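This report refers to the structure that appears directly beneath it.
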Amino acid sequence: MSVTRQSGYSFRHCAPQARRAGTPVIIGDALAREADMDGTGHSGPGDAPYLVEVADRVFAYVQPDGGWFVNNTGFVAGERGCLAVDSCATERRTRAFLDAIAATGAPPVRILVNTHHHGDHTHGNHLFEPATIVAHEVTRERVISTTDAVRGSFPDVEWGQVPTTPPSLTFTDAITLYVDGLRAEVRYVGSPAHTTNDSFVWLPDQSVLFAGDLVFEGGTPFALTGSVAGSIRVLEQIRAMAPTTIVPGHGRVCGLETVDTALGYFRYVQDVARRGYAAGLSPLELARDTDLGPYADLRESERLAGNLHRAYAEVSGAAPGAAIDWQAATRDMNACRGGPLPLHKL
């Protein structure tokens, strides 16, 4: 699949060689500078955030390497305003995303959709004001109740000025938004999956899905704050929709092959969890003893420990999305990794 489809839309600051079909679009020198997010001095276009035009006037904003708290966003450009999907984890990253939108010559963002409450998708919300922020009603509740705790758990990250800014327009099942004549369907997935409040943004006429963290490309799928069984159900739903292009919450623009990988992984986790629970192993003991086989090359393999905490809860009869000890799960993930989770500093 070609991940870049060019149109007549204006890129005011793109070098001509960056606009060939099949190549990502690096927008402006400012984004190249953002490649040095950790202050290492080792920057380059391969590490910089970049835009991919996945359909006419529809852009994915991809942040390599897609690891912990390094998410993807995107936007749909209209004549008088844009619809954006998710903000970023820090002030600096969110400002870089807004700079990328402006560098295309697109108008300001009028509507921002949050796909779920996690901070890498919501911390930068305030930088989009006065845009209307749209999300599921539980997303609003969780942004209000969890944002300060998350930032406090990772004091070494330079979050910048990111005041808690919850969605101002909520829905329960679905809402349809329009950018000029382009239809964007924002749908709640119906039950816990990655979290208790996931939604996706579906562009039916373009067959493009902004999946949020329901889909990780190249990274280990994650259901600690949601449901392993629910993730399987939702991924099967996405597969039945048959989108041509998927913008995942993390990783490169992809297709259904990434959904198939996630389905296989979560089914494997379920099987491993049933056997480990019956044997009386702790999630950490089981994670350390598990051969990931075809999933061993996925990034953030330490998430297996967190996923097993969730799967154990489900095996024991807990409802999908029921509260579990996420701090204990985080400690186990740190133990599997051999050190703290690798959050980028900026």
Side-chain angles (χ1 to χ4, degrees), residues 60-61 63 66-74 83-90 93-94 97 111-126 128 133-151 162 164-175 177 184-202 209-217 219-235 237-238 246-251 259 262 266 300 303 306-307 310 320-324 326:
Y61 179 74
Q63 295 195 89
W68 290 97
F69 272 74
V70 183
N71 68 309
N72 296 336
T73 59
L83 181 157
V85 181
D86 285 330
S87 59
C88 303
T90 68
R93 289 183 179 276
T94 304
F97 174 38
I111 300 173
L112 171 66
V113 176
N114 288 155
T115 58
H116 61 291
H117 75 280
H118 283 167
D120 48 337
H121 299 259
T122 61
H123 278 172
N125 279 0
H126 73 290
F128 289 84
I133 305 174
V134 178
H136 188 264
E137 59 184 7
V138 179
T139 302
R140 174 182 166 83
E141 296 169 5
R142 296 293 287 162
V143 167
I144 293 171
S145 64
T146 66
T147 298
D148 289 342
V150 169
R151 289 199 295 259
V162 283
T164 300
T165 307
S168 54
L169 175 63
T170 64
F171 61 92
T172 55
D173 297 312
I175 189 169
L177 307 171
E185 299 174 4
V186 187
R187 302 184 194 172
Y188 169 56
V189 300
S191 65
H194 173 65
T195 69
T196 59
N197 55 93
D198 299 290
S199 301
F200 56 68
V201 181
W202 171 233
L209 181 72
F210 285 90
D213 284 0
L214 297 166
V215 178
F216 289 77
E217 187 281 323
T220 299
F222 198 42
L224 175 61
T225 59
S227 168
V228 174
S231 293
I232 292 172
R233 184 191 64 78
V234 172
L235 289 165
Q237 174 187 348
I238 289 173
I246 298 174
V247 181
H250 299 257
V259 173
F266 277 130
E300 298 88 45
R303 288 178 183 162
N307 288 328
R310 175 55 61 185
I324 62 175
W326 66 269

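Just so we're clear, the structure is a prediction, and the values are computed from it rather than from any experiment. By convention here, the first residue in the shown sequence is residue 1.
- When atom types are taken as modelled, the side chain of N71 and the backbone of G249 share no donor-acceptor pair closer than 3.5 angstrom.
- With hydrogens and angles disregarded, no donor-acceptor distance shorter than 3.5 Å links the side chain of R303 to the backbone of P221.
- None of D213, T225, N197 except one satisfies the side chain to side chain donor-acceptor pair (under 3.5 Å) rule with H118; the exception is T225.
- Side chains of L169 and I175 form a contact here, defined as non-hydrogen atoms less than 4.5 Å apart.
- H136 and F171 have perpendicular rings, their planes meeting at more than 60° on a 0 to 90° scale where under 30° would count as parallel.
- There is no side-chain donor-acceptor pair under 3.5 Å between T195 and R142.
- Side-chain contact between F210 and L83 is absent, with no heavy-atom pair separated by less than 4.5 Å.
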### Message
Applying side-chain contact (heavy atoms from CB on, under 4.5 Å) to N72 and V85, what does each step give before you reach the verdict?
### Response
CA-CA 9 Å; N72 296 336; V85 181; over 6 Å; no

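- Results of the side chain to side chain donor-acceptor pair (under 3.5 Å) test with S87 over T122, N114, N125, D120 single out N125 as the only residue that passes.
- Between Q237 and F200 the shortest side-chain heavy-atom distance falls below 4.5 Å.
- For the atom pair T90 OG1 and F69 CZ, the distance stands at 10.5 Å (nearest 0.5 Å).
- Between H194 and H116, the ring planes are perpendicular. Angles over 60° get that label, and only those under 30° would be called parallel.
- Residues E300 and F222 have side chains not in contact (no heavy-atom distance under 4.5 Å, counting atoms from C-beta outward).
- Side-chain atoms of T73 and D86 form no donor-acceptor pair, as typed in the model, at a separation below 3.5 Å.
- Distance check, rounded to the nearest 0.5 Å: OG1 of T139 to CD1 of I144 gives 11.0 Å.
- Residues Y188 and T172 fail the side-chain proximity criterion, which asks for heavy atoms closer than 4.5 Å.
- A donor-acceptor contact shorter than 3.5 Å is absent between the side chain of R93 and the backbone of C88.
- When side chains are defined from C-beta on, P166 does not count as touching I133, because their heavy atoms never get closer than 4.5 Å.
- Remark: the backbone N or O of V162 is paired with a side-chain donor or acceptor of R151 at under 3.5 angstrom.
- Inter-residue side-chain proximity for N307 and T220 is flagged as met; some heavy-atom pair is nearer than 4.5 Å.
- Of the possible donor and acceptor atoms, none in the side chain of T115 sits under 3.5 Å from a partner among the backbone N and O of S199.
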